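Nothing here was measured: the structure is a model prediction, and the numbers come from that model.
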Amino acid sequence: MRTYITINYSRASRSQLAHYLQRTGWLNLGQAGSFTGEMLACVKSGNYAPVFLRLPDPDTELPESFLAALRQHPGVIVTSPYPQHLYRHLPLQPFDFLTEPFSFERFTQSMERYVEQFG
């Protein structure tokens, strides 16, 4: 059974993501939190796939330790209410980028692509 991490999620965005994850039935267990040492250890552990990172605005600064860990993780999916091109300054190459509010179909495409690539 696959697990996942959600980082920096607002209540509304976490609710939408949880609903979509339940509908797919593929990811059932998760860890949610913010930029804490415990969450950093989870990202580095390799036991979670994928990592859903919410960036609330283009001015959001990620702690350097998280940025380094997220650059090493192959399955980072960024979500944001702002389009991806506004985050070009961020040295992070996510697996996918979902602009909020994203549809269930768009979410499913991302998950299908993830499964194809990582099993």
Compare all side-chain heavy atoms of [X] with those of [Y] and state whether any distance is below 4.5 angstrom.
X     : Y     : result
Val78 : Phe52 : no
Leu67 : Arg71 : yes
Val76 : Pro50 : no
Val51 : Ile77 : no
Phe35 : Ile7  : yes

Look at the side chain of [X] and the backbone N and O of [Y], then say whether any donor-acceptor pair between them is shorter than 3.5 Å.
X     : Y     : value
Ser13 : Ser10 : yes
His89 : Pro58 : yes
Thr60 : Leu55 : no
Gln22 : Leu17 : no

Roughly how far, to the nearest 0.5 Å, is the [atom2] atom of [Y] from the [atom1] atom of [X]?
X      : Y      : atom1 : atom2 : result
Phe104 : Gln109 : CZ    : CD    : 11.0 Å
Leu90  : Arg88  : CG    : CZ    : 13.0 Å
Gln117 : Asp96  : CD    : CG    : 10.5 Å
Phe66  : Glu61  : CZ    : CD    : 15.0 Å
Ile5   : Cys42  : CD1   : SG    : 5.0 Å
Leu53  : Ser80  : CG    : OG    : 9.5 Å

Problem set entry | Ion pair Glu112/Arg106, N-O distance below 4.0 Å |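 No.
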Problem set entry | Thr79-Arg54 side chain donor-acceptor pair, cut-off 3.5 Å |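 Side chains of Thr79 and Arg54: no pair found under 3.5 Å.
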Exercise. Do the side-chain N and O atoms of Ser34 and Asn8 include a donor-acceptor pair separated by under 3.5 angstrom?
Worked result: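 On atom types as modelled, these side chains do not qualify, holding no pair under 3.5 Å.
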Exercise. Can you list the residues that meet the side-chain contact (heavy atoms from CB on, under 4.5 Å) rule with Gln93, with sequence neighbours excluded?
Worked result: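 Not a single residue meets the side-chain contact (heavy atoms from CB on, under 4.5 Å) criterion with Gln93.
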Exercise. Do the rings of Phe107 and Tyr20 sit parallel, tilted or perpendicular, given the 30° and 60° boundaries?
Worked result: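 Taking Tyr20 first and then Phe107, their aromatic rings sit tilted (interplane angle of 30° to 60°).
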For this session: May I ask you to check whether Tyr87 and Tyr82 place their ring centres under 6.0 Å from each other?
Result: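 Ring centroids of Tyr82 and Tyr87 are no less than 6.0 Å from each other.
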